[in-house]
Amino acid sequence: MDNDAARHDFANVLALVQEQMRDLSTMQQKRVALSAKAAAADGTVEVTVDARCMVTEIVIDETYLEEFELAELGGHIVGAARAAGQEVGRQAAALGAPLSERRKAISALSGMVDVPEFAEVITNLNPSVSVATDELRPADRGDEEGWEDGPSFPTVRR
């Protein structure tokens with residue numbers, strides 16, 4: 001391989017790496033903002049979860065007891081929370097898919113670039129989303145158990 005071809009390949013890999021790093025930052029910001037809502041018990045129970053699959057809201061329609069037993073409520077909440085968590089997982093995977101594909105392309109191209117340890121560095125580029133814990137940590141407010149909006153209790157929808 002001549003120098004011009006090697007330089008061209010290296011420039012392509014470098015451009016992909018720069019794009020990957022830029023998109024990784026953007027994707028992490030979008031990942032932090034993810035949330036999903038799921039319903040159970042014919043829509044009378046709704047649960048919303050955040051990016052960490054933490055329950056952020058529970059809404060129970062006041063007609064719930066007309067068709068369902070109070071003893072079943074916990075199961076409906078758990079089921080809706082699981083479904084919402086799975087949806088957040090799907091959303092996160094969809095956000096990460098382009099980064100994963102680009103990482104494969106970078107890895108394939110980096111094998112052609114003859115720079116010591118470059119392939120190893122590229123291989124360690126991880127497109128997985130690692131959300132900064134500071135971005136998701138509740139506010140330090142002792143009077144409300146540390147949560148920004150205070151303690152969350154189920155809401156009865158009227």
K.L.:
Is there a donor-acceptor contact under 3.5 Å from the side chain of Asp50 to the main chain of Cys53?
P.N.:
yes
K.L.:
Taking Arg31 for its side chain and Leu95 for its backbone only, find out whether a donor-acceptor pair lies under 3.5 Å.
P.N.:
no
K.L.:
Partners of Arg82 by salt bridge (Lys or Arg N to Asp or Glu O under 4.0 Å), sequence neighbours excluded?
P.N.:
none
K.L.:
Between Thr48 (side chain only) and Thr56 (backbone N and O only), is there a donor and an acceptor less than 3.5 Å apart?
P.N.:
no
K.L.:
Can you measure from CD1 (Ile60) to CZ (Phe68) and round to the nearest 0.5 angstrom?
P.N.:
12.5 Å
K.L.:
For residues 70-78, run the donor-acceptor check on the side chains, cut-off 3.5 Å, and write out each pair with its distance to 0.1 Å, sequence neighbours left out.
P.N.:
residue	atom	partner	partner atom	Å
Glu72	OE1	Glu69	N	3.3

K.L.:
Show me the donor-acceptor pairs, under 3.5 Å and distance only, between side chains in residues 34-47 and residues at least two apart or in other chains.
P.N.:
residue	atom	partner	partner atom	Å
Thr44	OG1	Ala41	O	2.7
Glu46	OE1	Arg157	NH1	3.4

